[in-house]
Engineer: 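The structure that follows is given in the form of structure tokens.
Counting starts at 1 for both ligands and their atoms, in listed order.
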Amino acid sequence: MKKKHFNSTALHSDREGKPEHGVLHKPVHPSVAFAYEDARELAEVFQNKRKGFAYGRQNNPTVEALAQKITKMEQGLATVIFGTGMAAIGSTLIALLRQGDHVVSSAFLFGNTNSQFNTFKELGIEVSFVDATDVKNVEAAIQPNTKMVFVETIANPVTQVADLVPIGELCADKNLVYLVDNTMTSPWLFLPVNVNASLVINSLTKYIGGHGNALGGSVTDTGLFDWSEFDNIYDSYKQSDTQQWGITQIRKKGLRDFGAALAPEAAHLISVGSDTLSMRLTKACSNAKAIAEFCEAHPKVRKVFYPGLTDHPQHERAKALFKDFGAILSLELEDSIDCFDFLNALDLVVCSSNLGDNRSLGIPVAHTIYWEMGPERRASMGVADSMVRLSIGIEDTEDLLADLEQALAI
Ligand SMILES: *Cc1c(COP(=O)(O)O)cnc(C)c1O
């Protein structure tokens, strides 16, 4: 049959293989353990000679169904699911890197990722933070011990867009693992496999789950990286075909040993949420664009950060690479309006630290999620004290615009 498009493929992924009891939707399997009538079969599962489940920390049928759905969405080879997005990032780095290795990372990062990378620095893994909106800075930071390059597609809160295509070419040329955090764009707006990413991170908590009711994270191997050329694969994970080496090591050393597994109930919620990813995100993006344009013209707003605005430094890049410009925008307010008063005056937009919910959320970034970072690093990331980040949801556009208008009028 003809290859199907994004939605049809994702929606019907549960029916692949043999649906259990003929059920249409993947059941929730809370069982932690799996019983085998033939002890040899269990041994083969342990030895990676047979597909199967051994213990809930490593895999579970409900979680595996979600993994396969994410793999399809990302057009990848295989996916490992974690309890949160942070667990997916940390477990991947722990599994693949060793003391003395070096990572080149975008300086424009989700706050907790920045904090986590600083922990890795303390443990003997070097990390250089560079302005990844220009490949030249990434290239200049590469050292003989560099193993990996890490970028986010659209960074938050200033919405810088990484130089995704040339960084992919550079990584291919230098044989570096190219790890792309696709959370802000999700596979609906962008497929990192198309820019030569080796591994794709998604915080499932955000757009993929979309309903703010379950945490989750994933790492997808795109199949593009040649793991036989990577020094850090342990001999025990070299049994299968080389394409599987990286993801196997991430599952074993990352998920199994560090144990940040996703609960099957949460996997179910995320999978149901992901059915409507494209519709939700399409609406949220069009709302965000309308709000960005409204705020740009408003005298109380000094600056609007949104890749969909033509004066955004990477507008053309975002237009060329992404299906739409995302649903996150940040405002720098004029001195005449206090960011706390503004947020308190909003009615429909809720003050909350999450993003990617169906409901619109706002937060004073310098005083909350980027507080721990300190003033210097905030300044280097372009985060002003008056900055408010808005994660736009799927409310009716007129109501959101009216809410912004009345809150800016205070
Ligand atoms: C939220 C987020 C994460 C972390 O995800 P959690 O599920 O909250 O742990 C990582 N990267 C980006 C870009 C995020 O927005």
Engineer: Give me the nearest non-hydrogen protein atom to atom 9 (O) of ligand 1 as residue plus atom name, then the distance to 0.1 Å.
Structural biologist: M86 N, 2.9 Å
Engineer: Look only at interatomic distance and state if T113 has a nitrogen or oxygen under 3.5 Å from any nitrogen or oxygen of ligand 1.
Structural biologist: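 Looking only at distances, the answer is no, because the N/O contact criterion of under 3.5 Å is not met.
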Engineer: Can you report which non-hydrogen protein atom sits closest to atom 5 (O) of ligand 1, along with the distance?
Structural biologist: S203 OG, 3.0 Å
Engineer: Just by distance, with hydrogens left out, do T79 and S218 show a side-chain donor and acceptor under 3.5 Å apart?
Structural biologist: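 Absent: no donor and acceptor within the cut-off.
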Engineer: For atom 14 (C) of ligand 1, what's the nearest protein heavy-atom neighbour? Residue, atom name and distance, please.
Structural biologist: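 Answer, as residue, atom name and distance: K206 NZ, 3.0 Å.
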Engineer: Of all the non-hydrogen atoms in the protein, which one sits nearest to atom 12 (C) of ligand 1, and at what distance?
Structural biologist: D181 OD2, 3.5 Å
Engineer: What residue and heavy atom of the protein are closest to atom 4 (C) of ligand 1, and at what distance?
Structural biologist: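 Checking every protein heavy atom, the shortest distance to atom 4 (C) of ligand 1 gives F110 CE2, 3.5 Å.
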Engineer: Does either side chain, that of T183 or that of S203, offer a donor lying less than 3.5 Å from an acceptor on the other one?
Structural biologist: no
Engineer: Taking the six-membered ring for Trp, are the ring centroids of Y178 and F150 within less than 6.0 Å of each other?
Structural biologist: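 They do not qualify: ring centres at least 6.0 Å apart.
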Engineer: Under 4.0 Å from a heavy atom of T205: which atoms of ligand 1 are those, numbered in the order shown and with their elements?
Structural biologist: 6 (P), 7 (O)
Engineer: Which residue and non-hydrogen atom of the protein lie closest to atom 6 (P) of ligand 1, and at what distance in Å?
Structural biologist: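 For atom 6 (P) of ligand 1, the nearest protein heavy atom is G85 N, 3.3 Å.
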Engineer: Would you call R317 and D163 a salt bridge, using N to O less than 4.0 angstrom?
Structural biologist: yes
Engineer: Using atom types as modelled and distance alone, determine if a side-chain donor or acceptor of S8 lies under 3.5 Å from a backbone N or O of K4.
Structural biologist: no
Engineer: Taking side chain as C-beta onward, heavy atoms only, is L404 less than 4.5 Å from V349?
Structural biologist: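 When only atoms from C-beta onward are counted, V349 and L404 do touch, with a gap below 4.5 Å.
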Engineer: Could you check whether K283 and T397, counting side-chain N and O atoms only, form a donor-acceptor pair closer than 3.5 Å?
Structural biologist: yes
Engineer: Report yes or no: does G216 have a heavy atom closer than 4.0 Å to ligand 1?
Structural biologist: yes
